[in-house]
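This report refers to the structure that appears directly beneath it.
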2 protein chains.
Amino acid sequence: MGREILDGSPYLSRLALHPLNTLISAMPAPSIKFLQSATSNAWIEQAIANLDIVLLDHSHCERKAAGVALNLMFRYPSRTRLVRQLTTIAQEELAHFDQVNQWLEHKGIPLAPLAAAPYGAGLRAEIRPQEPDRLLDSLLVAALIEARSHERLGLLGDHCPDRDLAKFYRSLMASEARHYGAYWVLATHYYDRQLVDDRLASLAQVEKQLLANLYPQPRIHS
Amino acid sequence: MGREILDGSPYLSRLALHPLNTLISAMPAPSIKFLQSATSNAWIEQAIANLDIVLLDHSHCERKAAGVALNLMFRYPSRTRLVRQLTTIAQEELAHFDQVNQWLEHKGIPLAPLAAAPYGAGLRAEIRPQEPDRLLDSLLVAALIEARSHERLGLLGDHCPDRDLAKFYRSLMASEARHYGAYWVLATHYYDRQLVDDRLASLAQVEKQLLANLYPQPRIHS
């Protein structure tokens with residue numbers, strides 16, 4: 001499974017060794033498998049012109065990602081595999097959160113709230129409220145957000161003019177790839193594979209639409 | 001500060017070396033400073049007679065403790081000191097959660113929901129909804145819960161007949177002590193010391209009352 005879900009990543013050569021990665025193909029391709037659209041040049045230009053705000057938004061993203069994992073652990077306390085995998089993910093997100101906050105401190109950027117782009121709420125609105133749909137959708141929405149984060153941190157790693165910061169972005173990418181892989185694997189553990197594929201394709205279409213028009217304020221998911 | 005808040009712990013000799021602990025007095029005393037009552041023998045007997053349920057409840061407690069820290073980080077995203085300290089606490093709680101879950105697996109106890117004792121809700125009801133009271137109360141309620149956890153894990157470490165499990169309980173105690181110290185230090189960072197002391201005494205009185213009658217089901221905070 002890991003092989004095909006990560007086939008599309010152009011960043012595979014950078015992935016650190018990890019149990020999940022033993023399943024990963026080394027064949028590069030132009031886009032990340034889960035995603036139905038590649039990020040536009042307009043986003044890259046907007047992000048590079050607003051690196052401080054993007055860094056602050058990145059801090060919020062990491063905290064939110066930890067929150068998503070923890071919320072699922074609260075909602076499904078008896079699902080052993082989910083609890084175990086999401087514990088690891090939440091720990092990694094918190095470690096990244098701390099690292100991003102150290103970058104903010106290093107650059108003299110104070111912590112501050114930021115209005116969210118419509119992306120997250122738009123995807124969450126697709127989560128059907130009844131089980132068993134709710135868990136499936138929750139896992140796949142999380143997978144899509146992680147996949148997009150993986151793509152965009154890669155772009156920041158490629159285009160950021162601050163070499164150290166670029167290196168930092170690249171260092172986070174292996175985790176993001178593991179995370180979207182882990183959410184997908186959990187979905188296929190609890191649900192029929194065809195059901196997962198169909199729903200993922202449908203949600204990925206929404207994800208693509210949500211990014212069709214660049215959000216005027218620079219964000220990781222603008 | 002660390003000196004006086006931890007003066008009362010009978011477990012000081014076991015505390016691992018840690019920056020906060022350099023402030024800790026080594027003088028033992030009969031109770032933990034924050035707490036206005038010592039745990040009854042009835043609780044110890046109930047817990048030792050129901051170690052499996054207590055272990056499962058402990059898992060829930062660690063996840064909830066991580067959730068408390070993360071929720072405060074969401075509510076006060078601009079408070080740098082709070083965010084930094086609670087990131088560490090949330091990471092440690094998640095690590096403990098994972099360790100407790102490994103113990104559950106080792107003992108063949110499946111993850112499962114457990115009805116909560118009235119303790120947590122009773123303390124949360126004391127959190128005044130308006131700022132600046134809300135943050136002060138949130139920090140002090142968290143401090144009290146951590147202080148009580150510290151005391152009770154110590155009792156489990158002393159009385160648990162399974163030597164390895166007893167050792168595990170003792171291994172967690174240093175963290176619990178750091179956590180209640182950290183919450184208290186945050187309170188004194190943001191609020192006047194006298195205000196903190198007065199409110200802590202008042203909340204500790206409620207905490208004592210909540211434990212005055214043993215909850216019929218065995219829990220860490222029954």
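Keep in mind the model is a prediction, meaning the values are calculated, not measured. Lettering follows sequence order; numbering is per chain, from 1.
- Rounded to the nearest 0.5 angstrom, A:L156 CG and A:I44 CD1 are separated by 8.5 Å.
- Closest non-hydrogen pair, A:A69 versus A:I89, comes out as CB-CG2, 4.3 Å.
- Note: B:I220 CD1 to B:L56 CG = 10.5 Å, rounded to the nearest 0.5 Å.
- Proximity to chain A among residues 108-117 of chain B is limited to B:L111, B:A112, B:P113, judged by heavy-atom separations below 4.5 angstrom.
- A distance of 4.5 Å separates CG in A:L51 from SG in A:C160, rounded to the nearest 0.5 Å.
- Nearest heavy-atom pair across A:L214 and A:A42 is CD2-O, 3.9 Å.
- Rounded to the nearest 0.5 Å, atoms CG (A:L82) and CG (A:L72) are 6.0 Å apart.
- The nearest pair of heavy atoms linking A:V196 to A:A187 is CG2-O, 3.6 Å.
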Which donor-acceptor pairs lie under 3.5 Å between chain B and chain A?
residue: B:R84; atom: NH2; partner: A:E105; partner atom: OE1; Å: 3.2
residue: B:E105; atom: OE1; partner: A:R84; partner atom: NH2; Å: 3.2

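- Remark: A:L186 CG to A:L140 CG distance equals 10.5 Å, nearest 0.5 Å.
- With rounding to the nearest 0.5 Å, the separation of CG in A:L70 from CG in A:L86 is 9.5 Å.
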